[in-house]
2 protein chains.
Amino acid sequence: MAYHHGDLRRALLDAAVEMIEESGPAALSLRELARRAGVSHAAPAHHFGDKQGLLTALVVQGFELLGQALTEAGEDFHEAGLAYLRFAVDHRAHFEVMFRPELYRAEAPEVLAASARASEVLDHGARAAVGAGQDAEMAGIAAWSLVHGFASLWISGALPSRVGEDPVAAARPVVHMLFGRGENGVPR
Amino acid sequence: MAYHHGDLRRALLDAAVEMIEESGPAALSLRELARRAGVSHAAPAHHFGDKQGLLTALVVQGFELLGQALTEAGEDFHEAGLAYLRFAVDHRAHFEVMFRPELYRAEAPEVLAASARASEVLDHGARAAVGAGQDAEMAGIAAWSLVHGFASLWISGALPSRVGEDPVAAARPVVHMLFGRGENGVPR
DNA sequence: CCCCCAATCTTGTCGGTGACAAGATGAGAG
DNA sequence: CTCTCATCTTGTCACCGACAAGATTGGGGG
């Protein structure tokens, strides 16, 4: 066994994502993680310090991916909402940890920076959709709550099964209920 | 030390709620729980089998409380939404476990019964607000997503601090954004 | 070219935890 | 009064996270 793995840090993060997707963040075990990566049980500590450190790194990665996804979604606020949902579903592991601050070091500067960048994209979209003013803030929170709630409920399996298998398709009409269908705000 | 506690089951559930509110469901320890209740480390197992059993009991209690809160909120759909939020904030521990099915036995009959009863109340409210038809289902999901998302974001501390300290007051205008302010649905 | 140093990974250990087994206790039925 | 059984305790095991100390190796300075 080579002493120098090559890219153990990334391998551990990838394995962590896999394990969290299988059985949730609570069940994540650093030792099992090391086992999957083929290293000793203490190897992860070198790269991340402790479990919180690992999850902190995962969260930073998550906020970066989210910011990127929102940016790529472009100007349309509805599409940004659906991109948020797509991110949550496609990166369930990241998403589930990101909004559970007791699991990681939420006050770490890298986390604050990455999350600030992501929410800035969101804010910008809200202002573009509603126009400036006090309403923009509320509209942003409403839209964020809607897609975040839908994503959470979808992931937890709480939504009735007749909404179908594709969360984005199922969410589209729901997202359009907020702000009406263009007739009630959303100048585009 | 009395061998018969009297109402150990309830005492354990109460202590569990307290501990989860302090540091989340992941950090819950059955042994610390037993310590707080003043019993031996194996006493909880007798009442709940294992950790999942304890959380299952907690979730059943949670869905019962939620159904009750929604029922008491009455006919107004907006008020039901705010009652949902109030439940989430006032019973953070229950709420946090209820929507994390990997932590408990979601398929247990008591859980299914309690959750079915709660969502029936929600469904009834949605139909009353929007009228019958296919839209009622979507309206229900939209409203549920909105308040669930707001509650989750509030609890996780993700919302900007300028929304204030009272979640229900902060959410009221947000909830009213969906369905407009009575002019766009919500016949009452 | 070689050696040393520092980053990387391993081995060993400790206290804490969940689950299980076996035993002690006492409340209530008869 | 005694038996019975639900309730709780004691004891144990494997696993986990954190820490300490040691082994290995790649790369840069001599």
Side-chain angles (χ1 to χ4, degrees), chain A residues 1-59 93 96-97 100-106 108, chain B residues 1-59 93 96-97 100-106 108:
Chain A
M1 174 72 45
Y3 245 80
H4 286 69
H5 179 286
D7 201 354
L8 181 57
R9 196 189 144 92
R10 164 168 314 248
L12 288 172
L13 280 175
D14 290 351
V17 166
E18 195 180 327
M19 289 177 64
I20 293 174
E21 276 172 2
E22 283 170 15
S23 37
L28 179 64
S29 145
L30 289 185
R31 290 172 105 104
E32 172 65 18
L33 190 64
R35 234 168 272 137
R36 292 204 190 189
V39 292
S40 84
H41 64 85
H46 177 71
H47 290 277
F48 301 106
D50 57 3
K51 200 173 184 175
Q52 283 204 341
L54 173 85
L55 293 178
T56 302
L58 200 80
V59 165
E96 286 195 76
V97 181
R100 217 153 301 165
E102 76 274 10
L103 294 182
Y104 61 98
R105 276 182 264 279
Chain B
M1 173 75 46
Y3 246 78
H4 286 69
H5 179 286
D7 201 354
L8 182 56
R9 194 189 146 94
R10 162 166 317 246
L12 289 172
L13 281 175
D14 290 350
V17 166
E18 195 180 328
M19 289 177 64
I20 293 173
E21 276 173 3
E22 282 170 17
S23 38
L28 180 64
S29 146
L30 290 184
R31 289 172 105 105
E32 171 65 20
L33 190 65
R35 234 168 273 136
R36 293 203 189 189
V39 292
S40 84
H41 64 86
H46 177 73
H47 290 277
F48 302 106
D50 55 5
K51 201 173 183 175
Q52 282 205 341
L54 172 85
L55 293 178
T56 301
L58 201 80
V59 165
E96 286 194 78
V97 180
R100 217 152 302 164
E102 76 274 9
L103 294 182
Y104 62 97
R105 276 182 264 281

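Chain letters run A, B, ... following the sequence lines, proteins first, then strands; residues in each count from 1.
B:Ser29 has no side-chain polar atom (N or O) that falls below the 4.0 Å cut-off from OP1 or OP2 of C:dG16. For the pair B:His46 and D:dC8, the criterion of a side-chain N or O lying under 4.0 Å from OP1 or OP2 is not met. Residue A:Arg35 has a polar side-chain atom (N or O) positioned under 4.0 Å from OP1 or OP2 of D:dC16.
For the pair B:Arg31 CZ and D:dC16 C1', the computed distance is 13 Å after rounding to whole Å. Atom-to-atom, CZ of A:Arg9 to P of C:dA7 comes out at 16 Å; the value is rounded to the nearest Å. As rounded to whole Å, 8 Å separates atom C1' of C:dG18 from atom NZ of B:Lys51. In this structure, B:Asp7 places its CG atom 10 Å from P of D:dC8, rounding to the nearest Å. Remark: P of C:dG16 and CZ of B:Arg36 are 16 Å apart, rounded to the nearest angstrom. With rounding to whole Å, A:Leu55 atom CG is found 13 Å from D:dG17 atom C1'. The distance between atom CG of B:Leu8 and atom P of C:dT25, rounded to the nearest whole Å, is 19 Å. Remark: C1' of D:dC16 and CG of A:Leu28 are 11 Å apart, rounded to the nearest angstrom.
The side-chain heavy atoms of A:Leu33 and A:Met19, taken from C-beta on, include a pair separated by under 4.5 Å. No side-chain heavy atom of A:Tyr104 sits less than 4.5 Å from a side-chain heavy atom of A:Lys51.
Of all nucleotides listed (D:dC8, D:dA20, D:dG17), D:dC8 comes nearest to the side chain of B:Ala43. With D:dT10, D:dC16, C:dT11 as the candidates, the nucleotide lying closest to the side chain of A:Ser40 is C:dT11. Checking D:dG17, D:dC19, C:dC9 against every side-chain atom of A:His47, the shortest atom distance belongs to C:dC9. Between D:dT10, D:dA18, D:dC19, one nucleotide has an atom nearer to the side chain of A:Ala42 than all others, and that is D:dC19.
Put simply, CD1 on B:Ile20 and CG on B:Leu55 are 5.5 Å apart, with the number rounded to the nearest 0.5 Å.
Residue contacts shown for A:Leu54 are absent, as no nucleic acid heavy atom lies under 4.0 Å away. Contacts of B:Leu33 with the nucleic acid, taken as non-hydrogen atoms under 4.0 Å apart, are absent. At the heavy-atom level, A:His41 lies under 4.0 Å from base atoms of the strands shown.
B:Thr56 places a side-chain N or O within 3.5 Å of a backbone atom of B:Arg105 that can act as its donor or acceptor partner.
Salt-bridge annotation for B:Arg100 and A:Glu96: absent, with no side-chain N of the basic residue lying under 4.0 Å from a carboxylate O of the acidic one.
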